[in-house]
Number of protein chains: 2
Amino acid sequence: MSIEHSILAILSYWPSTGYDIKAEFEHKAAGLYWGMSYGSIYPKLKKLEEQGYIYTINEEETGRRKKQYELTPKGWRELEKWLTLTPAYPVVRDELLMKMSTWHEDMDAQVLIDHLLKRKETTGDLLEFVKNWPTNGTSYISDYGMLAIRYGETRLEAELNWIEESIQALQKNQLPQGQDPQDMTKKLLARRRAAVQQEGVND
Amino acid sequence: MSIEHSILAILSYWPSTGYDIKAEFEHKAAGLYWGMSYGSIYPKLKKLEEQGYIYTINEEETGRRKKQYELTPKGWRELEKWLTLTPAYPVVRDELLMKMSTWHEDMDAQVLIDHLLKRKETTGDLLEFVKNWPTNGTSYISDYGMLAIRYGETRLEAELNWIEESIQALQKNQLPQGQDPQDMTKKLLARRRAAVQQEGVND
DNA sequence: GTGAACATGTAAAGAGTTACATGATTAG
DNA sequence: CTAATCATGTAACTCTTTACATGTTCAC
């Protein structure tokens, strides 16, 4: 349980439809929280209702169908129990870092710089959004939520600085020095060159 | 394809067994990159070999079984093609932020502080590790990999600062002010209290 | 009147984890 | 001799996304 719990969490803010929940994840989640598709949400809502964590407070079955869910007492209890459990340490899956660590001298550094520039753009947009969010006059952000937003700002700013520095280092060809006690860089390039030369032969 | 590609990436450093690959993800990934279980790795290795991206260079079938894989020319080509593709923006799933944003006044703030203290510990350990890694005298870290490590340092340091500030704010009860144009905090607490009171009645 | 946004839902496929099962070697 | 580490692998399960299917309402 965890997607279920985040649905309960969203529902704790205000009664919502499946569509609302998706929207809520869409923008808050935009890089900061979470993400979820309709294919997950609707079946989970059904299940949560069956299990008595949520109930339908408002159902339009004619015209534009619409089903609004609200937490039951059991749902509130379950949510607050979950909030109290130590959160798992976040798992980051960052393709850029993976790719960067696997880069080598025989590849075009400009491509890596382009990756960084694209990252910079998205991160910059996100930072703008996060900064303006608490003063847009419409969104609800609790004082606790405000702490989470500050996290976003801090992290995104740190990331932008790192991107800037990395681009500089790559452009000036002044990368920080790594550690290579066994000459692995040399060996890697040799293995790779040998393989590439074979290409025409038997591949 | 993406787990497959990270296996190719690891294999590009040096020929490895499934066990080695898991270990490689285990520590580098420790919060910074990625993660992977044996249940994913072994079937993928088999598949990658069948498809001609990797081959067995060393197989011990007696005694302690061991199978070491290496990239084929096709594997190198595929890896480098992948490295060139724009990396997806990382999706973070951070339970702590989700829980923090869902916290409310009727809950014990000390529990949230405890969550932060635990996070601080893990993040601190990770930062120590990342800082010492490039000078431990044994690990191989390329100059590009060094950039990725700097990202880790930057991000983890920013996180520690934020944790410190957040704990302070919570302890002094001086949270930053959010935005609540429709009195949602009040409504939320009212909905929740109504539900909790009903508990004995029909739940 | 038409395109965007609102709204719900299912089925199949894909991705990945957990638990299980097995055994060898090494360090103390 | 025994616990830790090295080492491989499968099966069942869970979780999640993608693609499809359908219809309404609102703003221009």
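Here the structure is a predicted model, which is why all the values come from computation and not from measurement. All values below were derived from every heavy atom in this structure, side-chain atoms included, with hydrogens, water molecules and symmetry-related copies excluded. Just so it is clear: chains get the letters A, B, ... in the order the sequence lines come, proteins before strands, and each one is counted from 1.
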Less than 4.0 angstrom between a side-chain N/O of A:Lys46 and OP1 or OP2 of C:dT10, yes or no? yes
Would you kindly give the NZ-to-C1' distance between A:Lys22 and C:dG9, to the nearest whole Å? 15 Å
Qualifying residues under side chain to side chain donor-acceptor pair (under 3.5 Å), relative to A:Thr86, sequence neighbours excluded: B:Lys118
Between D:dA7 (P) and B:Asn58 (CG): distance, integer Å: 11 Å
Roughly, in whole Å, what's the span from OH in A:Tyr19 to P in C:dT8? 9 Å
Given C:dT8, D:dT16, C:dG16, which nucleotide is nearest the side-chain atoms of A:Thr17? C:dT8
Would you say the side-chain atoms of A:Ser166 and B:Tyr151 include a donor-acceptor pair closer than 3.5 Å? no
Between A:Tyr19 and A:Tyr38, how do the two ring planes meet: parallel, tilted or perpendicular, split at 30° and 60°? parallel
Interatomic distance where NZ belongs to A:Lys44 and C1' belongs to D:dC15 [whole Å]: 6 Å
So if I take every side-chain heavy atom of A:Tyr42 and compare against C:dT8, D:dA7, C:dG16, which nucleotide ends up nearest? C:dT8
cation_pi(A:Lys99, B:Trp82) dist<6.0 Å, angle<=45: yes
Are B:Trp162 and A:Thr154 linked by a side-chain donor-acceptor pair shorter than 3.5 Å? no
OP1 or OP2 of D:dC15 sitting under 4.0 Å from any side-chain N/O of B:Arg93? no
Taking the side chain from A:Ser142 and the backbone from A:Gly145, do they hold a donor-acceptor pair closer than 3.5 Å? yes
Please check if any side-chain donor atom of A:Gln110 sits under 3.5 Å from a side-chain acceptor atom of A:Asp114, or the reverse. yes
Where along nucleotides 18-28 of chain C does protein come under 4.0 Å, by heavy atom, of base (B) or sugar-phosphate alone (S), with - for untouched nucleotides? B-----SS---
Is the CD atom of B:Gln171 crowded by more than 12 outside heavy atoms at less than 6.0 Å? yes
Ignoring the backbone of B:Lys67, work out which of D:dG9, D:dA7, C:dG16 is nearest its side chain. D:dG9
Between A:Ile21 (CD1) and D:dT16 (C1'), how many Å, whole number? 16 Å
Could you state the CD-P distance from A:Glu49 to C:dG9, rounded to the nearest angstrom? 10 Å
Would you say the side-chain atoms of A:His5 and B:Glu95 include a donor-acceptor pair closer than 3.5 Å? no
Atom pairs under 3.5 Å: protein N/O with N/O of nucleotides 2-4 of chain D:
none

Nearest to the B:Met36 side chain among D:dT5, C:dT17, C:dA7, which nucleotide is it? C:dT17
To the nearest Å, give me how far apart NZ (A:Lys47) and C1' (D:dT16) are. 13 Å
For atom CD1 of B:Ile41 and atom C1' of C:dA15, their distance in whole Å: 14 Å
